[in-house]
Asker: 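One structure, as structure tokens, below. Some questions next.
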Amino acid sequence: MTHDTLGNDISATDTRTVDGINAFVSGYLGYELKLAGILETADQTPDCLANVYAGLLWMLSETGDVPIQARDYLERASKNLQHALPREKLLFGLLNAWVNNQPAKIIEHTDHILSQWPRDLVTLKIRHYHDFIHGRFEDMLTTAQRCAPAAGDVAALHGMLAFSYEQCHDLKAAETAARHALKLDPSEPWSQHALAHVLLTENRIDEGIRFLEANSGGWGHLTSFMYTHLWWHLALFYLAQGRKKDALRVYDEHCWARERSFSQDQVGAVSLLVRLELAGVEVDERWVQLADWLAARQNDVSQPFLTLQYLYGLLRARRPEGKLLLEKIEQLPSDKAAWDLVGKPLSRGIAAYLEQENAKASSLFDSAMPHLQDIGGSHAQRDLFLKIRDNLRKQGFSKPQRAYVGATGSPELPGT
């Protein structure tokens, strides 16, 4: 019997396929660029698991719809399903549920897999992704705790525990888990990220800067999201210390310097530009450049947390796609709680804020705040909306300067 790098049984026996699967497992858990190699591996083998992993990677690309490539890999995986092991068949079912927008089945499949194979940390990570985007932070913690006895030797498991604890407001446990992970592997990026959350929340600004700066030299091999997001956190520390030029430099050299077509890089850029403006930094030309990439998101209402930031960037830059996206949001059916309670009022509030309709914007923001967790995103990320709301309440609010934008950009292959 062949095993993956975590000891889980796999049906693949060909060395190249096994190596490709293992590179994906370790790369996905460690946010390393090598995870994308699973696409080439899957293209060269009918192996069910390799093709399932390739399809899952495409689903994680957050293109705003179901990527045709994900469906293609699902179809390829189905042709060899009869030779797959039980866990691999459940992973196939997980991909099938995700492609067909069946959220209850996604949870069902991840629960089933993790109950029998608690060292399947790829499944745990995917489960965390789905819980995170829906604001189910307690579920994130519970699933990680269930896997801990079987996977306590893996740094990435403690990184997931640390972030889950932090999102559940248990900062002491979060720091303990993060530091334990970093003893196992000092380069573990999700643990570095979780510890950055703790240090910022506890206002340990100097310590946070020292920690992130000391580790930043090891981020170059990380995926675009993890690389830019860790730098984004460092920029927040700089802003907390009043180092506006350093925060702007981080934006230019790191946060908006990798995979500009990827959703997480885009919202990180929007979020940092808003914060810079709130700190009094002029960034107008950067809105012009960013909006060229956001224009392709004019119909993307897949996740309210992401969409709200696309909307801000497009409206801030006076792009017509911003109005189109706002109309798309308004047309959503009224049975989606996160949109009804948070997404729609905040989208209207953002539009009012940028038009200096302060009373209207403040009322809309206030109505959404009690339910803000429902749209997902971390505390540090959702804090953006609180900062805008607080800015509305200040005396002497000045209307943001708007940029005129010309041609649109041409997004490339989704990043990872």
Side-chain angles (χ1 to χ4, degrees), residues 5-6 19 22-38 57 60 121-122 124-125 128-129 144 151-166 174-202 204-241 243 246-260 262 264-265 268-269 271-272 378 380-381 415-416:
T5 189
L6 293 172
D19 288 346
N22 281 331
F24 174 76
V25 171
S26 60
Y28 179 48
L29 295 179
Y31 294 90
E32 297 179 60
L33 289 168
K34 67 180 180 180
L35 91 172
I38 193 63
L57 180 58
L60 288 161
L121 300 186
V122 167
L124 177 61
K125 194 76 171 172
H128 272 203
Y129 172 83
D153 59 313
V154 184
L157 180 278
H158 296 280
M160 286 186 267
L161 272 171
F163 186 62
S164 301
Y165 277 123
E166 191 276 331
E175 181 167 357
T176 298
R179 293 196 183 279
H180 181 70
L182 294 173
K183 284 183 179 179
L184 294 173
D185 179 3
S187 68
E188 210 290 301
W190 201 238
S191 304
Q192 294 178 4
H193 165 254
L195 186 55
H197 271 268
V198 172
L199 298 177
L200 184 64
T201 303
E202 295 187 337
R204 295 154 65 182
I205 305 303
D206 292 346
E207 184 181 354
I209 290 174
R210 288 195 302 270
F211 172 70
L212 290 176
E213 286 182 341
N215 285 282
S216 62
W219 297 342
H221 72 292
L222 300 179
T223 62
S224 182
F225 160 67
M226 197 73 262
Y227 174 87
T228 59
H229 193 59
L230 285 167
W231 278 106
W232 179 86
H233 273 279
L234 183 53
L236 297 194
F237 281 104
Y238 286 150
L239 284 174
Q241 208 174 57
R243 295 167 58 178
D246 286 330
L248 186 61
R249 174 182 54 81
V250 168
Y251 176 90
D252 290 335
E253 297 180 4
H254 302 288
C255 287
W256 191 234
R258 292 283 292 265
E259 181 50 74
R260 295 179 176 178
F262 186 42
Q264 297 295 333
D265 291 41
S271 176
L272 187 50
S378 69
Q381 290 174 314
T416 53

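This is a predicted model, so every value here is computed, not measured.
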Asker: Is the shortest heavy-atom distance from the side chain of Leu200 to the side chain of Ile205 under 4.5 Å?
Answerer: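 Side-chain contact under 4.5 Å: yes.
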Asker: Tell me every residue that passes ring pair (Phe, Tyr, Trp, His ring centres under 6.0 Å) with Phe24, counting only those two or more places apart in sequence or in another chain.
Answerer: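 In terms of ring pair (Phe, Tyr, Trp, His ring centres under 6.0 Å), with neighbours along the sequence ignored, Phe24 is linked to Tyr28, Tyr53.
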Asker: Which residues pass the side-chain hydrogen bond (donor to acceptor under 3.5 Å, both in side chains) test with Arg243, sequence neighbours left out?
Answerer: Gln241, Asp246
Asker: Measure across Gly159 and Trp190 and return the closest heavy-atom pair with its distance rounded to 0.1 Å.
Answerer: O-CD1, 3.4 Å
Asker: Taking only residues two or more places apart in sequence, or in another chain, which ones meet Lys183 in a side-chain hydrogen bond (donor to acceptor under 3.5 Å, both in side chains)?
Answerer: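 If we apply the side-chain hydrogen bond (donor to acceptor under 3.5 Å, both in side chains) test to Lys183, skipping adjacent residues, there are no hits.
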Asker: To check you understand the geometry: which heavy-atom pair defines the closest contact between Thr223 and Leu33, and what is its length?
Answerer: CA-CD2, 3.8 Å
Asker: With respect to Trp231, which candidate in His254, Glu253, Met226 satisfies the side-chain contact (heavy atoms from CB on, under 4.5 Å) definition?
Answerer: His254
Asker: Quick one: side-chain hydrogen bond (donor to acceptor under 3.5 Å, both in side chains) partners of Tyr238, sequence neighbours excluded?
Answerer: Glu213
Asker: Which atom names give the shortest non-hydrogen contact between Ala155 and Glu188, and what distance separates them?
Answerer: CB-CG, 3.8 Å
Asker: Quick one: are Leu230 and Leu222 in side-chain contact, heavy atoms under 4.5 Å?
Answerer: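 Yes, their side chains come closer than 4.5 Å.
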Asker: How far does SG of Cys255 sit from CG of Leu234, to the nearest 0.5 angstrom?
Answerer: 8.5 Å
Asker: CG/Leu161 to CG/Leu124 distance, rounded to the nearest 0.5 angstrom?
Answerer: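 One finds 8.5 Å between CG of Leu161 and CG of Leu124.
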Asker: For Glu202, give me all partners under salt bridge (charged side-chain N to carboxylate O under 4.0 Å, His left out), at least two apart in sequence or on another chain.
Answerer: Arg204
Asker: Could you give me the CA-CA distance, side-chain angles and deciding distance for Leu182 and Phe211, then say whether side chain to side chain contact (heavy atoms under 4.5 Å, CB included) is met?
Answerer: CA-CA 12 Å; Leu182 294 173; Phe211 172 70; 3.9 Å; yes
Asker: For Arg179, which residues count as a salt bridge (charged side-chain N to carboxylate O under 4.0 Å, His left out) partner, sequence neighbours excluded?
Answerer: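 In terms of salt bridge (charged side-chain N to carboxylate O under 4.0 Å, His left out), with neighbours along the sequence ignored, Arg179 is linked to Glu175, Glu207.
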Asker: Partners of Asn215 by side-chain hydrogen bond (donor to acceptor under 3.5 Å, both in side chains), sequence neighbours excluded?
Answerer: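 Applying side-chain hydrogen bond (donor to acceptor under 3.5 Å, both in side chains) to Asn215 gives Gln192.
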Asker: What residues, two or more places apart in sequence or in another chain, satisfy side chain to side chain contact (heavy atoms under 4.5 Å, CB included) together with Ser378?
Answerer: Phe132, Phe163, Gln167, His197, Ala380, Gln381
Asker: List for me each residue that meets side chain to side chain contact (heavy atoms under 4.5 Å, CB included) alongside Ser271, sequence neighbours excluded, and say none if there are none.
Answerer: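 Counting only residues at least two positions away or on another chain, Ser271 forms a side chain to side chain contact (heavy atoms under 4.5 Å, CB included) with Trp232, Arg275, Gln309, Leu384.
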Asker: Just verifying a value: how many Å separate Ser164 OG and His128 NE2, rounded to the nearest 0.5 Å?
Answerer: 4.0 Å
Asker: Looking only at non-hydrogen atoms, find the nearest pair between Leu29 and Leu121 and report the distance.
Answerer: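 For Leu29 versus Leu121, the nearest heavy atoms are CD2-O, 3.5 Å.
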Asker: With side chain to side chain contact (heavy atoms under 4.5 Å, CB included) as the test, would you mind laying out the steps for Thr228 and Ser224 before giving the verdict?
Answerer: CA-CA 6 Å; Thr228 59; Ser224 182; 4.3 Å; yes
Asker: Just do the side chain to side chain contact (heavy atoms under 4.5 Å, CB included) check on His193 and His233 with the steps written out, would you?
Answerer: CA-CA 8 Å; His193 165 254; His233 273 279; 3.4 Å; yes
Asker: Taking only residues two or more places apart in sequence, or in another chain, which ones meet Arg210 in a salt bridge (charged side-chain N to carboxylate O under 4.0 Å, His left out)?
Answerer: none
Asker: What closest approach, in Å, do Val154 and Leu6 show between heavy atoms, and which atom pair accounts for it?
Answerer: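 Closest approach of Val154 to Leu6: CG2-CD2, 4.0 Å.
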Asker: So, using side chain to side chain contact (heavy atoms under 4.5 Å, CB included) as the criterion, who are the partners of Thr176 when residues are at least two apart?
Answerer: none
Asker: Between OG of Ser26 and OH of Tyr31, what distance do you get to the nearest 0.5 Å?
Answerer: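 Atom-to-atom, Ser26:OG and Tyr31:OH are 14.0 Å apart.
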Asker: Taking salt bridge (charged side-chain N to carboxylate O under 4.0 Å, His left out) as the test, write out the residues that go with Asp185, two or more places apart.
Answerer: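 For Asp185 there are no salt bridge (charged side-chain N to carboxylate O under 4.0 Å, His left out) partners, ignoring immediate neighbours.
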Asker: Between Ala247 and Leu272, which heavy-atom pair has the shortest distance, and what is it?
Answerer: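 Scanning both residues completely, I find the closest heavy atoms to be O-CD2, 4.3 Å.
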Asker: Hey, what do you get for CH2 (Trp256) to OH (Tyr251), rounding to the nearest 0.5 Å?
Answerer: 6.0 Å
